[in-house]
Number of protein chains: 2
Amino acid sequence: MRLGRDTREEILNAAEELLQRRGYNAFSYQHIAVQLGIRNAAIHYHFPGKEDLGVALVKRYRQRFRDWTDEVARLSNAWDRLNAHFQTYVEYAVAGSKICPGGVLSSEFEAIPEVMRHEARLLMREIFEWLIETLDAGRAQGSLNFIGDSRHKAVEIGAALQGSLQIARMAGEERFHQVLQQLALELRHSSADSLP
Amino acid sequence: MRLGRDTREEILNAAEELLQRRGYNAFSYQHIAVQLGIRNAAIHYHFPGKEDLGVALVKRYRQRFRDWTDEVARLSNAWDRLNAHFQTYVEYAVAGSKICPGGVLSSEFEAIPEVMRHEARLLMREIFEWLIETLDAGRAQGSLNFIGDSRHKAVEIGAALQGSLQIARMAGEERFHQVLQQLALELRHSSADSLP
DNA sequence: GTCTATATCCGGATAGAC
DNA sequence: GTCTATCCGGATATAGAC
């Protein structure tokens with residue numbers, strides 16, 4: 001209605017918020033419609049089916065991540081890049097009971113349309129490839145310390161981030177920050193200085 | 001119908017399976033009814049409302065965990081106890097795209113009845129209390145090595161387990177085993193023997 | 001591009017017979 | 001304790017006016 005108002009974008013923004021708060025199957029076109037002050041049918045004009053909306057959301061996450069990696073590529077220190085990645089999750093955490101896209105999509109994996117599953121797999125893969133690269137770079141330059149296979153460490157970190165955001169919902173936001181602190185402690189700890 | 005058939009138990013078993021595969025909001029009384037070859041209404045006889053069923057499920061998880069901790073308390077080695085805990089998750093993983101109760105409940109936390117949330121919080125707390133105790137015992141006896149606060153490490157481990165089960169769904173079961181391997185490697189690694 | 005109105009379906013739930 | 005029948009509400013979705 002108003003000049004410059006991009007309804008499609010606003011729908012995506014509202015849907016993204018709802019997705020990370022309630023999950024895919026627990027949000028409806030009604031929720032979005034009420035929030036934007038429009039009608040149900042208006043959303044169907046932009047996204048004929050709910051799965052179209054779902055796919056658009058995941059594609060947007062993927063694009064955003066690509067743009068983001070391009071940006072942080074400037075940072076020469078791998079720990080700084082990894083820390084910047086952590087910040088994404090911090091933003092979810094402080095927003096209050098928001099979980100990460102991967103967390104939503106994997107939890108509901110068996111209950112989302114196949115097209116969405118496909119996009120979700122791609123998103124996952126892209127994130128982990130970046131994580132592995134970053135860990136390898138960090139180990140090579142000495143800004144990150146860890147033992148074992150970087151691919152294993154990457155999944156461990158990704159899983160811990162995803163899991164701790166969810167746990168924070170039930171057990172308090174501190175839980176998330178404690179995990180973040182622990183991850184950092186272990187990655188920055190040179191194995192020379194030992195146990196307490 | 002048949003002698004000794006306990007419908008209530010069978011409903012719980014089917015529901016538990018569905019919960020960990022599809023999530024709370026994505027399974028219906030229909031799913032259960034079809035699976036057990038009974039009618040919708042029969043389930044309502046045992047569990048008047050869906051939330052009654054949900055609460056019963058979480059209470060059962062809690063009871064099972066209490067029984068389990070009593071059992072493994074025999075093991076004098078903390079690493080053995082922790083490893084036994086890991087086995088619970090391995091069973092979920094090899095069952096194929098099953099995630100852990102905490103993972104389901106925390107992902108859908110904003111979309112489940114308040115009574116379930118309450119039970120879920122208790123379950124979480126009990127698991128983490130046990131994890132912390134176990135880590136402390138392991139550190140004291142030297143069977144577990146880690147740096148930092150045991151409460152932080154406990155959440156890190158719990159989050160990694162929960163997250164990796166979910167990630168395994170999208171990226172393959174190996175991911176879960178890689179995390180398990182990495183966790184073990186780090187916990188059993190004496191900081192004397194250093195990087196490769 | 002957004003509306004009203006409506007269609008369809010499904011999940012949760014109840015009443016009452018057996 | 002399980003059935004049949006039925007109700008209700010919510011969610012996805014479409015048709016057609018504006």
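- As rounded to whole Å, 13 Å separates atom P of D/dT2 from atom CZ of B/Arg8.
- With D/dT2, C/dT2, D/dT4 as the candidates, the nucleotide lying closest to the side chain of B/Ala42 is D/dT2.
- Looking at residues two or more places apart in sequence or on another chain, you find a salt bridge (charged side-chain N to carboxylate O under 4.0 Å, His left out) between B/Glu114 and B/Arg117, B/Arg121.
- Qualifying salt bridge (charged side-chain N to carboxylate O under 4.0 Å, His left out) partners for B/Arg60, counting only residues two or more places apart in sequence or in other chains: B/Glu9, B/Glu16.
- Atoms CD1 (A/Ile32) and C1' (D/dG10) sit 15 Å apart, rounded to a whole Å.
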What N/O pairs connect the protein and nucleotides 11-13 of chain D at under 3.5 Å? Give each pair on its own line.
| unit_1 | atom_1 | unit_2 | atom_2 | d |
| --- | --- | --- | --- | --- |
| D/dT12 | OP1 | A/Lys50 | NZ | 3.2 |
| D/dT12 | OP2 | A/Tyr29 | N | 3.1 |
| D/dA13 | OP2 | A/Lys50 | N | 2.7 |
| D/dA13 | N7 | A/His44 | NE2 | 3.3 |

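- Contact annotation: B/Tyr45 reaches the phosphate of D/dG1 (side-chain N/O to OP1 or OP2, under 4.0 Å).
- Applying the side-chain hydrogen bond (donor to acceptor under 3.5 Å, both in side chains) test to B/Asn40 and every residue at least two apart in sequence or in another chain returns nothing.
- For A/Arg188, there are no side-chain hydrogen bond (donor to acceptor under 3.5 Å, both in side chains) partners at least two apart in sequence or on another chain.
- Nearest heavy-atom pair, A/Ser97 versus A/Arg169, reported as atom, atom and distance to 0.1 Å: O-NH2, 3.0 Å.
- Checking the phosphate oxygens (OP1, OP2) of D/dG1, no side-chain nitrogen or oxygen of B/Thr7 falls inside 4.0 Å.
- In this entry the distance linking CD1 of A/Ile38 with C1' of C/dT4 reads 15 Å, nearest Å.
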Validation: residues 29-38 of chain B side-chain donor-acceptor distances under 3.5 Å, sequence neighbours left out:
| unit_1 | atom_1 | unit_2 | atom_2 | d |
| --- | --- | --- | --- | --- |
| B/Tyr29 | OH | B/Phe47 | O | 3.0 |
| B/Tyr29 | OH | B/Gly49 | O | 3.1 |
| B/Tyr29 | OH | B/Lys50 | N | 3.3 |
| B/His31 | ND1 | B/Ser28 | N | 2.9 |
| B/His31 | ND1 | B/Ser28 | OG | 3.1 |

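- Closest to the A/Arg39 side chain, of the nucleotides C/dT4, C/dT2, D/dT2, is C/dT4.
- Nucleotide C/dG1 holds its C1' atom 14 Å from the CG atom of A/Leu36, rounded to whole Å.
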